[in-house]
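Here the structure is a predicted model, which is why all the values come from computation and not from measurement. Residue numbers run from 1 in the order of the sequence given.
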Amino acid sequence: MTCYAGNTTTTTPTIATATSTTILTANGARQFLLIQNNSAADIAIGFEGQTLTGIAPTSSNKCFVLKSTAGLNTIKFDGNFVPAGAITAYQTSGGTINTVTVIAG
């Protein structure tokens, strides 16, 4: 298990319905990233700063679907591979109160 001893920042960006939203800017020094879906809707996450157009992964909408179901609602990166690009998110249902928690360092 990797030990991370750096500082982290926690944010809870709001994702408007049917809008691709940047939830974290690019950072080449990122060593840790955790994203948790806190909404009742599934949320697509893009790791290359792309504009997402839905929550279905396709060749032109490259995304990871973060489920709303407990146990399937969190993704974590640490150690040798942590995405350094901007992180985007997209949801197709629910209100603008739907959020994710992003912990990065």
Donor-acceptor pair, distance only, cut-off 3.5 Å: does the side chain of Thr11 make one with the backbone of Pro13?
no

Heavy-atom closest contact (Gln50 atom, Thr88 atom, distance):
O-OG1, 2.9 Å

Same cluster for Phe64 and Val100 if Ile/Leu/Val/Met/Phe/Trp/Tyr side chains link at under 4.5 Å?
yes

In this structure, would Ile43 and Leu33 fall into the same cluster of hydrophobic residues linked by side-chain contacts under 4.5 Å?
yes

Main-chain N/O of Val82 paired with Asp78 side-chain donor or acceptor, under 3.5 Å
no

Restricting to pairs with a member in residues 81-91, which pass salt bridge (charged side-chain N to carboxylate O under 4.0 Å, His left out), not counting sequence neighbours?
none

If two hydrophobic side chains count as joined below 4.5 Å and joins carry through other members, does Ile45 share a cluster with Ile75?
yes

Are Leu52 and Ile55 connected, step by step, through hydrophobic side chains (Ile, Leu, Val, Met, Phe, Trp, Tyr) whose heavy atoms are closer than 4.5 Å?
yes

By ring-ring contact (aromatic ring centres under 6.0 Å, His included), which residues pair with Phe77, not counting sequence neighbours?
Phe47, Phe81

Which salt bridge (charged side-chain N to carboxylate O under 4.0 Å, His left out) pairs, counting each pair once, include a residue from residues 45-64, with sequence neighbours left out?
none

Is there side-chain contact between Tyr90 and Thr21, with heavy atoms separated by less than 4.5 Å?
no

Applying the 4.5 Å side-chain criterion to the ILVMFWY set and letting contacts propagate, would Val102 and Ile15 be lumped into a single cluster?
yes

Please determine, by modelled atom types, if Ser68 and Asn73 share a side-chain donor-acceptor pair under 3.5 angstrom.
no

Identify, with sequence neighbours excluded, every residue that meets salt bridge (charged side-chain N to carboxylate O under 4.0 Å, His left out) alongside Lys67.
Asp42

Main-chain N/O of Leu72 paired with Thr69 side-chain donor or acceptor, under 3.5 Å
no

Main-chain N/O of Thr51 paired with Thr53 side-chain donor or acceptor, under 3.5 Å
no

Salt bridge (charged side-chain N to carboxylate O under 4.0 Å, His left out) contacts touching residues 8-34 (sequence neighbours left out):
none

State which residues pass side-chain hydrogen bond (donor to acceptor under 3.5 Å, both in side chains) with Thr74; sequence neighbours excluded, sorted by chain then number.
none

